[in-house]
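Written out below as structure tokens is the structure these notes cover.
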Amino acid sequence: MKLDRLDIKILSVLQREGRITKVRLADEIGLSPSPCMERVRRLENAGYICGYRAEIDLAKLSAVATVFVEVTLKSHEATDFERFERAMADCPWVSECYAIGGGIDYLLKVVARDITHYQALMDDFLEQDIGIGRYFTYVVTKPVKHDPGPGPEILTDSAK
């Protein structure tokens, strides 16, 4: 599917304001509501829009420990990566997991109740024998910036 500037603008607005009304979105894009919503449905069906959800401040509900973890696997066969990735996908405490090129294999973001809970999770991973050779823990002491990243207009605008 080829995206035009209106599609990119829709994606950018929705990334910033997921709860925007249909009428306001159409107004910002410069279309009437019906064709605008037709474009949104097309973008959803094509997989450009992955979902809509509320971003919750977990720290307001309870104390939490956010921890980044560098993981290196013991072995590097395809089955080792598959086993590890399945375990991460199944763990609700792992909020993000990235395969990394370079000196480590994965970077995880873990949101645990506290550091004791985090260490229990890591001990459990080691007991499951999912292939972890080494891991390094980095505890977040203060969030400085949380942003979903650049909007699509930045990625498609070669003039900037």
Side-chain angles (χ1 to χ4, degrees), residues 1-3 7-20 25 37 39-158 160:
M1 175 176 152
K2 182 130 172 76
L3 302 182
D7 294 325
I8 298 297
K9 197 165 183 185
I10 289 169
L11 292 172
S12 296
V13 171
L14 288 175
Q15 183 180 16
R16 275 190 329 271
E17 300 178 65
R19 290 180 52 124
I20 192 170
L25 175 62
M37 292 319 298
R39 282 176 176 264
V40 170
R41 274 191 292 292
R42 192 181 48 152
L43 291 166
E44 290 170 345
N45 291 337
Y48 288 98
I49 298 172
C50 303
Y52 301 90
R53 64 177 168 248
E55 190 173 319
I56 309 299
D57 184 350
L58 293 176
K60 289 200 181 278
L61 298 172
S62 172
V64 293
T66 302
V67 181
F68 286 91
V69 187
E70 292 180 355
V71 175
T72 303
L73 300 183
K74 291 181 215 172
S75 179
H76 293 94
E77 301 295 322
T79 55
D80 299 312
F81 292 109
E82 291 167 7
R83 181 177 58 228
F84 180 82
E85 290 173 13
R86 247 190 333 271
M88 295 305 100
D90 290 344
C91 181
W93 303 102
V94 175
S95 63
E96 298 178 46
C97 176
Y98 301 95
I100 302 291
I104 62 170
D105 296 318
Y106 293 95
L107 180 63
L108 313 177
K109 179 180 176 186
V110 177
V111 180
R113 289 187 288 266
D114 53 32
I115 295 302
T116 302
H117 178 232
Y118 160 73
Q119 190 57 57
L121 289 169
M122 294 309 296
D123 291 344
D124 187 47
F125 287 155
L126 295 171
E127 287 176 19
Q128 290 178 43
D129 193 27
I130 56 174
I132 297 175
R134 284 186 327 184
Y135 71 93
F136 293 95
T137 300
Y138 303 93
V139 177
V140 174
T141 58
K142 175 177 80 170
V144 176
K145 178 180 179 180
H146 176 77
D147 191 315
E153 73 279 357
I154 290 174
L155 300 174
T156 58
D157 185 4
S158 59
K160 291 185 180 177

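The figures here come from the full heavy-atom set of this structure, side chains too, leaving out hydrogens, waters and symmetry mates.
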Exercise for the section: Give, for atom CD of E96 and atom CG of L108, the distance between the pair rounded to the nearest 0.5 Å. Expected result: 10.0 Å
Practice task
Would you check if T137 and I115 make a side-chain contact, meaning some heavy-atom pair closer than 4.5 Å?
Solution key: no
Practice task
Test side chain to side chain contact (heavy atoms under 4.5 Å, CB included) on Q119 and T116 and set out the steps.
Solution key: CA-CA 5 Å; Q119 190 57 57; T116 302; 6.0 Å; no
Fill in the blank from the handout: Minimal heavy-atom distance between H117 and R113, with the atoms involved, is ND1-N, 3.0 Å
Exercise for the section: Take the angle between the ring planes of F81 and H76 and call it parallel below 30°, perpendicular above 60°, tilted in between. Expected result: tilted
Exercise for the section: Using a 4.5 Å cut-off on heavy atoms from C-beta on, say whether the side chain of L3 contacts that of Y48. Expected result: yes
Exercise for the section: Report the C-alpha distance between I49 and L11 in whole Å, list the side-chain angles of each, state the deciding distance to 0.1 Å, and finish with yes or no for side chain to side chain contact (heavy atoms under 4.5 Å, CB included). Expected result: CA-CA 8 Å; I49 298 172; L11 292 172; 3.6 Å; yes
Practice task
Report the distance from atom NZ of K109 to atom OG1 of T66, rounding to the nearest 0.5 Å.
Solution key: 6.0 Å
Fill in the blank from the handout: Interatomic distance, CG@L43 vs CG@L14, rounded to 0.5 Å, equals 8.5 Å
Problem - Between OH on residue Y118 and CG on residue D123, distance to nearest 0.5 Å - result: 9.5 Å
Fill in the blank from the handout: CE of M37 to CD1 of I10, rounded to nearest 0.5 Å, is 8.5 Å
Practice task
Examine distances only and state if a side-chain atom of T72 and a backbone atom of G133 form a donor-acceptor pair shorter than 3.5 Å.
Solution key: no
Handout entry: Non-hydrogen atoms of E44 and Y52 that approach each other most closely
Key = OE2-OH, 2.8 Å
Practice task
Show your working on side chain to side chain contact (heavy atoms under 4.5 Å, CB included) between D129 and K74 and close with a plain yes or no.
Solution key: CA-CA 10 Å; D129 193 27; K74 291 181 215 172; 3.1 Å; yes
Exercise for the section: With the side chain counted from C-beta on, respond yes when V71 and F125 share a heavy-atom pair under 4.5 Å apart, and no when they do not. Expected result: no
Handout entry: Minimum heavy-atom distance between Y135 and I132, given as atom pair plus value
Key = CD2-CG2, 4.2 Å
Problem - M88 side chain reached by Y106 side chain, heavy atoms, under 4.5 Å - result: no
Fill in the blank from the handout: Heavy atoms of D80 and S75 approach each other most closely as OD2-OG, 2.9 Å
Completion exercise
Between W93 and A112 the two heavy atoms that sit nearest each other are CE3-CA, 4.0 Å
Problem - Donor-acceptor under 3.5 Å (D124 side chain, A120 main chain) - result: no
Problem - Which atom of D7 lies closest to which atom of K2, heavy atoms considered - result: OD2-O, 4.1 Å
Handout entry: Interatomic spacing from CG in L61 to CD1 in I56 - rounded to 0.5 Å
Key = 7.5 Å
Completion exercise
The residue among R16, Q15, K9 that forms side chain to side chain contact (heavy atoms under 4.5 Å, CB included) with S12 is R16
